[in-house]
Amino acid sequence: ETGVTQTPRHLVMGMTNKKSLKCEQHLGHNAMYWYKQSAKKPLELMFVYSLEERVENNSVPSRFSPECPNSSHLFLHLHTLQPEDSALYLCASSQEAGYSGANVLTFGAGSRLTVL
Amino acid sequence: KQEVTQIPAALSVPEGENLVLNCSFTDSAIYNLQWFRQDPGKGLTSLLLIQSSQREQTSGRLNASLDKSSGRSTLYIAASQPGDSATYLCAVLVGGNKLVFGAGTILRVKS
């Protein structure tokens, strides 16, 4: 366990379903992130939250809706997804969301999403 | 736009061999460079972080170097073991607090 816990680990959903991915960190970090890892493509940053405020939205479609109710929890709400959205969704946290060269991200194990 | 390339895409070596993984990036304006390890179906584990002012970092059998001006980094693994088999990812931290990742090198160490 890295201190960043993601649930569920696996999710299969239809295109009309609504589901949510959850991330929880026990490290006292102030920044949290969602990354998407598709097959044979580099990880892509989706969202960054700093002190519960969204500071980065990397041109992500509105069918992905993040929520950060407090500095320890991050959700990704999913609605009307497409089969091409099938991927591993990784959550990460760091002490801060600033430009420090020592800003180390701690990743969770990921949620494997399959959209039918 | 920053792009990160990792070569080779896959590598298979016998146990005990020393090996080098390569990473290149197109824009030298980075805050740091990190090497991660990813096991199948798992998240990422940070291996080494090199700040932009540093040239190398070492941890056990791992040594990573950074030549920011030429946009290159190498990860050297000494005396490879089957447990080293994994995907190795290189990422650079750029403005906007973004980590830009390469596609990874899949390493298999045969016993």
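Convention: sequence-line order gives letters A, B, ...; per-chain numbering from 1. For the numbers below, each heavy atom of this structure counts, side chains included, while hydrogens, waters and symmetry mates do not.
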Gln37(A) versus chain B, heavy atoms under 4.5 Å apart: side chain, backbone, both or neither? side chain
For the CG atom of Leu105(A) and the CZ atom of Phe36(B), what is their distance to the nearest 0.5 Å? 6.0 Å
Heavy-atom count check: over 12 atoms from other residues, nucleotides or ligands less than 6.0 Å from Glu53(A) CD? no
Given heavy-atom pairs under 4.5 angstrom as the criterion, report whether the side chain, backbone, both or neither of Gln54(B) touches chain A. neither
Please tell me whether Tyr88(B) and Val13(B) are part of a single hydrophobic cluster in this structure, the criterion being side-chain heavy atoms less than 4.5 Å apart. yes
Below 4.5 Å, heavy atoms only, C-beta onward: do Leu99(B) and Tyr35(A) meet side chain to side chain? yes
Note, Leu44(B) side chain near Leu43(A) side chain (heavy atom, < 4.5 Å): yes
Are Leu21(A) and Tyr33(A) connected into the same hydrophobic cluster when the rule is that any two of I, L, V, M, F, W, Y join if their side-chain heavy atoms are below 4.5 Å apart? no
Should Met13(A) and Leu90(A) be counted in the same cluster of Ile, Leu, Val, Met, Phe, Trp and Tyr side chains packed under 4.5 Å apart? no
For Ile30(B), is it the side chain, the backbone, both or neither that has a heavy atom under 4.5 Å from a heavy atom of chain A? neither
Of all heavy-atom pairs linking Gly102(B) and Pro42(A), the shortest is O-CB, 3.7 Å
Should we count CZ of Arg108(B) as having more than 12 external heavy atoms under 6.0 Å? no
Mind checking the CZ-NZ spacing from Arg9(A) to Lys42(B)? Nearest 0.5 Å is all I need. 7.5 Å
Against chain B, label Leu88(A) side chain, backbone, both or neither, depending on which of its atoms sit under 4.5 Å from a heavy atom there. side chain
Linking I/L/V/M/F/W/Y whenever their side-chain heavy atoms sit closer than 4.5 Å, directly or via other members, would Leu11(B) and Leu47(B) fall into one cluster? yes
Do the side chains of Leu113(A) and Val60(A) join up, straight or via other hydrophobic residues, at under 4.5 Å, putting them in one cluster? yes
